[in-house]
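Everything on this sheet refers to the single structure shown next.
When a ligand or atom number is given, it counts from 1 through the structure's own listing order. Atoms considered below: every heavy atom in the structure, side chains included; atoms not considered: hydrogens, waters and symmetry mates.
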Amino acid sequence: MLRAISSVTRNGYKHVVKPVLFTRHPDDVHRDMIKMARFVGNVPGVRSLPNLWGYESPKYLEQTMAGLVFRNPVGLSAGFDKGIETARIMRAVGFGFMTGGSVTWGQYSGNQGGWFYRLPKSQSIVVNAGLPSEGTKTVAGRAAAYPASLFRDFPLFVSVAKTNSKRCASIAAGIQDYARSLAMFDVELNVGALELNISCPNAFGGEDFTTPGRLEQLLRVVDALALTKPVFIKMPISVPPKQFLALTDTAGAHNITGLTIGNLRKDRENVELKDELPDSVAGNLSGAPNRDISTKLIRETYQRHPGRFVLIGVGGVFTAEHAYEKIRAGANLIGMVTGVIFEGPQVVGEINHGLVALLRRDGLACISDAVGLDAGV
Ligand SMILES: Cc1cc2nc3c(=O)[nH]c(=O)nc-3n(C[C@H](O)[C@H](O)[C@H](O)COP(=O)(O)O)c2cc1C
């Protein structure tokens, strides 16, 4: 029965909803989606309806890591819900965790002009939001207002970035800016984990913390904060491979629980796109063009540091096969944004259902048995 509902939703999304949504500017669609999810999330009864798309199979899908229970491995990655406004709906849709943000200490209205540009044939979105944020105090207050029970087996990660302003362009000021947000979210009981976004490609002053030396400076201060929540780092995927691995070494020497691999793709000139992308459209790529590169980086990280990090595999996940490939490369968890936008909200349940079928096919008892199987470690 639930499979039939999922199939009807898939067809309805593909043939009716998406064609209508895709005639509108993606910034407007995104704003309206957040508004609608917030509204629906506040209406008891109605907010349970998306449960119809979910898929539960605790025996195969549930994992406990870093003191957090994940009812399934598929999470919403950072960027869709910057203000943590949709947590009730994201849980109901069937995600196993969500990452709110990126949030910055200072408020910022984001870049002028369009933030998002669709590349439908390439299954990608060009993102040029520039770290808009309502500021840490407001977003932390919103996270605090949810009932604690919502996050019992659906951990809330908060992605923290440095405020996109001239004031934070120096290394020292940038580090202080991160530290303030981390300290405030760390004491918020509903927050399960913190994610350091060191790799936002659109920030004032560039990607300050994606060299090992500067990451070292940031992580010394993070260590000194003695945070109680597990800390993850959102990794860049467009730095040279040696630099990427050096960053993982730096992270490994500090109090870092996990790595999220990874962020948007910056080297868009190296990507063969199926759509036209005018030079006048600024920004970096999500979705399918990131799939193979993120999987490769997950595999190399797992090979270099087996068991050291909880790895979250992000980039171009649209199907259970894509998710499974990342898990077998070494990811413990999966994150996605673009796949939900292109495929519809039922895709989360479909991926979880498909993952169980793939585990059964391979004679595996649970997700953790599949982690790293293709890494050759
Ligand atoms: C609309 C949009 C906004 C994003 N904003 C953020 C952000 O604020 N912080 C962040 O760390 N990543 C952000 N990302 C990157 C995603 O979290 C993810 O790393 C990337 O899109 C690759 O995953 P995907 O292919 O499933 O979209 C954003 C992505 C999209 C599509």
Side-chain angles (χ1 to χ4, degrees), residues 25-31 33-34 74-84 86 90 95 97-104 108 110-111 114-120 122-134 139 157-164 178 181 193-203 207 209-210 232-238 258-266 268 271 283-295 297-298 311-319 322-323 325-326 331 333-343 347-348 351:
H25 194 285
D27 293 19
D28 297 333
V29 175
H30 177 249
R31 207 173 14 252
M33 290 273 197
I34 297 286
V74 183
L76 178 72
S77 192
F80 185 83
D81 185 0
K82 293 178 188 292
I84 315 185
T86 68
M90 293 306 163
F95 280 113
F97 65 102
M98 71 174 276
T99 306
S102 295
V103 187
T104 64
Y108 183 58
N111 286 341
W115 290 355
F116 310 127
Y117 184 88
R118 284 186 210 101
L119 301 171
S122 314
Q123 296 191 304
S124 176
I125 296 172
V126 186
V127 180
N128 186 37
L131 290 175
S133 180
E134 296 170 274
V139 180
F157 285 56
V158 178
S159 165
V160 168
K162 72 168 181 142
T163 306
N164 195 357
Y178 274 110
S181 292
L194 304 160
E195 184 174 270
L196 275 173
N197 180 3
I198 59 164
S199 48
C200 178
N202 305 317
E207 287 185 41
F209 297 96
T210 57
F232 285 65
I233 298 178
K234 179 79 172 273
M235 299 293 286
I237 64 167
S238 302
L259 303 177
T260 303
I261 304 172
N263 215 321
L264 299 164
R265 187 159 176 181
K266 271 185 84 177
R268 66 187 221 186
V271 184
N284 304 289
L285 302 175
S286 77
N290 304 18
R291 186 177 301 138
D292 290 347
I293 183 160
S294 61
T295 305
L297 293 171
I298 290 161
L311 296 182
I312 307 182
V314 184
V317 174
F318 287 61
T319 66
H322 298 153
E325 193 185 23
K326 282 184 164 45
L333 299 163
I334 293 299
M336 63 191 296
V337 177
T338 309
V340 186
I341 295 170
F342 278 80
E343 302 295 309
V347 75
V348 181
I351 291 177

Exercise. Which of the atoms in ligand 1, numbered in the order shown and given with their element, are less than 4.0 Å from a heavy-atom of Gly262?
Worked result: 19 (O)
Exercise. Can you tell me if Ala129 has a non-hydrogen atom under 4.0 Å from ligand 1?
Worked result: no
Exercise. For ligand 1, does Lys82 get within less than 4.0 Å through its side chain, its backbone, both, or neither, judged by non-hydrogen atoms?
Worked result: side chain
For this session: Would you check if Val29 and Arg118 make a side-chain contact, meaning some heavy-atom pair closer than 4.5 Å?
Result: yes
Problem set entry | Proximity of Asn263 to ligand 1 by residue part, where a heavy atom lies under 4.0 Å | both
Problem set entry | Check: Ser286 and Leu264 side chains under 4.5 Å, non-hydrogen atoms | yes
Exercise. Less than 4.5 Å apart, any side-chain heavy atom of Ile341 and any of Met33?
Worked result: no
Problem set entry | Atoms of ligand 1 close to Phe116 [distance to a heavy atom under 4.0 angstrom, numbered from 1] | 1 (C)
For this session: Report yes if the side chains of Leu285 and Leu119 come closer than 4.5 Å at any heavy-atom pair, otherwise no.
Result: yes
Exercise. For Ser294, is the nearest heavy atom under 4.0 Å from an atom of ligand 1?
Worked result: no
Problem set entry | Option passing side-chain contact (heavy atoms from CB on, under 4.5 Å) with Phe232 (candidates Thr99, Leu259, Asn197, Ile312) | Ile312
Exercise. Ligand 1 versus Phe80, non-hydrogen atoms closer than 4.0 Å: side chain, backbone, both, neither?
Worked result: neither
For this session: Take Val160 and Tyr178 through the side-chain contact (heavy atoms from CB on, under 4.5 Å) test and state the conclusion after the steps.
Result: CA-CA 7 Å; Val160 168; Tyr178 274 110; 4.0 Å; yes
For this session: Can you label the angle between the His30 ring and the Phe80 ring as parallel, tilted or perpendicular, going by 30° and 60°?
Result: perpendicular
Exercise. Mind checking whether Ile293 and Arg265 have side chains closer than 4.5 Å, heavy atoms only?
Worked result: yes
Exercise. Is the shortest heavy-atom distance from the side chain of Leu196 to the side chain of Ile233 under 4.5 Å?
Worked result: yes
Exercise. Hey, which atoms in ligand 1 end up nearer than 4.0 Å to a heavy atom of Leu264?
Worked result: 15 (C), 20 (C), 21 (O), 29 (C)
Exercise. Between Ser77, Ala78, Gly283, Ser286, which one has a non-hydrogen atom sitting closest to atom 28 (C) of ligand 1?
Worked result: Ala78
Exercise. Backbone, side chain, both or neither: what part of Val127 comes under 4.0 angstrom of ligand 1, heavy atoms only?
Worked result: side chain
Seminar exercise, completed: For Val314, the ligand 1 atoms with a heavy-atom partner under 4.0 Å come out as 18 (C), 19 (O), 22 (C), 23 (O)
Exercise. Do ligand 1 and Glu195 have nitrogen or oxygen atoms that lie under 3.5 Å from each other?
Worked result: no
For this session: Would you check the N or O atoms of Asn290, main chain and side chain alike, for any that come under 3.5 Å of an N or O of ligand 1?
Result: no
Seminar exercise, completed: Counting from 1 in the order shown, the ligand 1 atoms closer than 4.0 Å to a non-hydrogen atom of Met336 are 26 (O)
Exercise. Between Val337 and ligand 1, does any nitrogen or oxygen pair lie at a separation below 3.5 Å?
Worked result: yes
Exercise. Mind checking whether His25 and Trp115 have side chains closer than 4.5 Å, heavy atoms only?
Worked result: no
For this session: Give the atoms of ligand 1, by number and element, whose distance to some non-hydrogen atom of Gly315 is under 4.0 Å.
Result: 22 (C), 23 (O), 25 (O)
